[in-house]
Protein chains: 2
Amino acid sequence: MDKQFLMQQLRHFFDQYQAGIDWERCKIEPKVHVLNKGECLLKQGELSDRMFFLGSGLVRYYSLSESGKEYTQTLTKAPRLVGSTQALTLARPALFSIEALTTSVALSFHWQLFYQQMSQDLAFTQAYVRFLESIFISKEQKEHAMVKHSATQRYLDFCRDFSELMETLPKQQIASYIGITPIALSRIRTQLKNDEQ
Amino acid sequence: MDKQFLMQQLRHFFDQYQAGIDWERCKIEPKVHVLNKGECLLKQGELSDRMFFLGSGLVRYYSLSESGKEYTQTLTKAPRLVGSTQALTLARPALFSIEALTTSVALSFHWQLFYQQMSQDLAFTQAYVRFLESIFISKEQKEHAMVKHSATQRYLDFCRDFSELMETLPKQQIASYIGITPIALSRIRTQLKNDEQ
DNA sequence: ATGCGTAATTAACCTAGGTTTATTCATTTG
DNA sequence: CAAATGAATAAACCTAGGTTAATTACGCAT
């Protein structure tokens with residue numbers, strides 16, 4: 001297999017990602033969203049064609065399984081783009097809800113506008129690449145923690161990474177972020193209290 | 001908070017991702033890598049400034065914890081870009097190795113070349129966005145499965161998603177992909193055999 | 001203050017999957 | 001061929017965390 005052939009394959013590979021955006025249907029107007037604590041930008045199971053920009057506040061991405069169990073996959077604060085990449089790029093129902101944990105303000109755009117902007121503005125596109133890289137890295141890090149660290153370690157990591165949320169965030173949501181039940185978290189907390197004496 | 005202000009914040013947000021690439025040090029030559037089964041493109045703990053393009057073959061991303069336990073985070077086949085986004089963008093040691101599961105051929109480029117290419121070629125950059133989106137979605141899907149599905153379900157999912165690997169891939173690696181020990185996988189397999197009668 | 005609904009904790013019990021050790025089987029190496 | 005090494009399985013046992021249920025503690029509304 002020679003280098004020339006590999007280069008051509010590489011070209012095909014890139015081509016495959018150039019799939020069709022319907023520029024015609026593109027509507028431009030960015031909307032402003034003001035959310036009270038507990039309100040959602042996006043609800044699990046819904047279709048969404050909007051990308052959000054969280055200007056102020058704090059949100060979590062969480063999903064409920066059929067059995068009613070809750071998992072918080074992301075906890076993040078402004079400023080940041082938020083949205084369901086899966087819902088946007090695959091036009092599928094979102095797998096999670098995005099809920100405001102404090103009063104929050106966001107802008108939103110049609111996903112098509114977002115793509116149109118990319119087709120016109122290289123710097124914009126490059127910035128979006130950087131953003132995607134950064135959230136991909138975060139996801140890898142969480143995957144790593146979930147697989148390799150004990151629940152106790154994940155709780156300690158949470159305390160380190162989100163110390164400002166320790167008091168305000170309900171224990172249930174902390175438990176759901178580290179992937180255990182509130183009962184298990186309670187056990188871990190009393191365990192740690194005993195140990196530190 | 002008015003829309004104008006939010007828009008400006010959005011601009012700042014995008015600006016933050018324009019951090020410095022050292023274009024001077026950029027070397028251009030793509031290299032060809034031919035790997036036998038078991039050889040690695042990238043080793044956990046090493047620095048890497050190369051992005052790979054897997055032209056043919058099959059690789060897995062796996063990491064070893066201090067205690068020697070192995071976790072296979074990704075299993076993927078050509079054609080695809082492969083590399084450690086974390087190692088490349090943060091100039092940190094890679095958290096996993098990338099190992100060929102069959103004889104494989106890849107190209108590699110300096111990461112700087114890759115970024116340089118983006119600064120010149122909008123279509124290239126957009127394609128890379130699409131690629132990043134797709135791997136981000138895969139990662140979300142795996143996260144979802146790891147948190148919400150039992151080991152048995154994850155094994156069944158594996159059988160569905162990688163039926164062509166069922167015979168060739170060592171059971172250990174299947175176990176490591178679904179996040180359990182080979183012993184547990186063996187138990188699950190005999191359990192399934194008994195059930196289906 | 002009284003009563004209600006939700007959050008957090010505790011205790012008792014259960015289970016999926018980890019750990020240890022041993023056995024079998026298959027492949028490689030001398 | 002024998003010996004050796006590694007993969008898969010099996011059995012016995014252990015433990016982290018889930019489940020159920022009861023108890024307490026904390027708002028918040030009337």
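Note that this is a predicted model, so its numbers are computed, not measured. So you know, we letter chains A, B, ... as the sequences are listed, proteins then strands, and number each from 1.
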Requested in this report: Please report the C-alpha distance between A:Tyr128 and A:Phe114 in whole Å, then the side-chain angles of each, then the deciding distance to 0.1 Å, and finally whether the ring pair (Phe, Tyr, Trp, His ring centres under 6.0 Å) criterion is met.
Outcome: CA-CA 10 Å; A:Tyr128 186 52; A:Phe114 209 82; 5.1 Å; yes

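- Look at A:Ser186 and you won't find any side-chain N or O under 4.0 angstrom from OP1 or OP2 of C:dA8.
- The side chain of B:Thr181 places no N or O atom within less than 4.0 Å of a non-bridging phosphate oxygen (OP1 or OP2) of C:dG17.
- B:Arg189 comes within 4.0 angstrom of sugar-phosphate atoms only, judged by non-hydrogen atoms across all strands, and of no base.
- Rounded to an integer number of Å, the gap from CD1 of B:Ile188 to P of C:dG18 is 8 Å.
- Distance, A:Ile180 CD1 to D:dA16 P: 13 Å, rounded to whole Å.
- B:Leu192 has its CG atom 16 Å from the C1' atom of D:dA8, to the nearest Å.
- Within the nucleic acid shown, A:Ile183 comes within 4.0 Å of at least one base atom, counting heavy atoms only.
- With rounding to whole Å, B:Leu185 atom CG is found 16 Å from C:dA16 atom P.
- Following rounding to the nearest Å, A:Lys148 (NZ) and C:dG18 (C1') show an atom-to-atom distance of 16 Å.
- Ion pairing of B:Asp157 with B:Arg154 is absent here, as no side-chain N (NZ or NE/NH1/NH2) approaches a carboxylate O to less than 4.0 Å.
- Of the side-chain N and O atoms in A:Lys69, one or more sit less than 4.0 angstrom from OP1 or OP2 of D:dT19.
- Whole-Å rounding puts the B:Arg187 CZ to C:dA16 P distance at 10 Å.
- In this structure, A:Lys43 fails the cation-pi test against A:Phe96, since its NZ or CZ atom is not both closer than 6.0 Å to the six-membered ring centre and inside 45 degrees of the ring normal.
- Side-chain proximity of B:Lys171 to D:dG17, C:dT19, D:dA8: nearest is D:dA8.
- Residue contacts for A:Pro182: at a heavy-atom cut-off of 4.0 Å it reaches no nucleic acid atom on any strand shown.
- Heavy-atom nearest nucleotides on DNA chain D were determined for B:Thr190 and for B:Gln172, and the one closer to the 5' end corresponds to B:Gln172.
- Counting to the nearest Å, the P atom of C:dG17 and the CE atom of A:Met146 are 14 Å from each other.
- Note: A:Tyr62 and A:Tyr177 fail the aromatic proximity criterion, with ring centroids not under 6.0 Å apart.
- Annotation: A:Lys77, atom NZ; neighbour count of heavy atoms from other residues, nucleotides and ligands within 6.0 Å does not exceed 12.
- In this structure, the OH atom of B:Tyr155 is 13 Å from the C1' atom of D:dT9, given to the nearest Å.
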